[in-house]
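Report on the structure given below.
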Amino acid sequence: MIALAATLIRYQQRSGLKKPEFAETIGISESQYRSIRRKASNPSIIQLATIAGKLRIPIFTLLGVDVPGGKKLSGLKMTAHIALVVGRKCQESGLDRIVFAKTIGVSVPQFYIMLDGRSSPMLLVADALATRLGVTLWQLLGVSPIAEKR
């Protein structure tokens, strides 16, 4: 959250816009922008992708991370990739879906929403999910590839 706030502050200063105008430019409310600046917000993946898109940078740059070879993806492509990874990991586990959902700490309804590609988890939730699945956040989102097992 610290890097997100710093990146947005830097872009706002470069733009010369006041806080309300900058918030509108990046597609969020002024109050949400204030919350992010205070590091008190945990935006969803879709929200972050929208902001990154408005700034014309990849989501990982928005979050102050260098991902060599990382892809710039839309929020919808990232949520679709979450579905792909969660489905593949479930299948590889050999567990039934309900047991697997519990194993990765997700409610059964939320698990099915993920499998349908309709889940836009909050950033910290996505990061925790990635850890439980044994992948990086960037692999979960499709920004960087998952190394195939040999």
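One-based numbering along the sequence shown.
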Residue that, paired with Gln12, satisfies side-chain hydrogen bond (donor to acceptor under 3.5 Å, both in side chains) out of Lys19, Lys18, Arg37: Arg37
Under 3.5 Å donor-acceptor, Asp96 side chain and Ile98 backbone: yes
4.5 Å side-chain heavy-atom contact, Ile59 and Val65: no
Backbone of Ser31 reached by a side-chain donor or acceptor of Ser35 within 3.5 Å: no
Under 3.5 Å donor-acceptor, Thr50 side chain and Ile46 backbone: yes
Under 3.5 Å: donor-acceptor pair, side chain of Arg132, backbone of Ile104: yes
Side-chain donor/acceptor of Gln139 to backbone N/O of Ser144, under 3.5 Å: no
Which residues share a side chain to side chain contact (heavy atoms under 4.5 Å, CB included) with Ala5, sequence neighbours left out: Lys39
Gln110 vs Ser119, side-chain hydrogen bond (donor to acceptor under 3.5 Å, both in side chains): CA-CA, chis, key distance, verdict: CA-CA 8 Å; Gln110 185 62 36; Ser119 177; 2.9 Å; yes
Side-chain donor/acceptor of Asp127 to backbone N/O of Leu137, under 3.5 Å: no
Pi-cation contact, Tyr11 with Arg14 (under 6.0 Å, within 45°): yes
Closest heavy-atom pair and its distance - Ala49, Met78: CB-CE, 3.5 Å
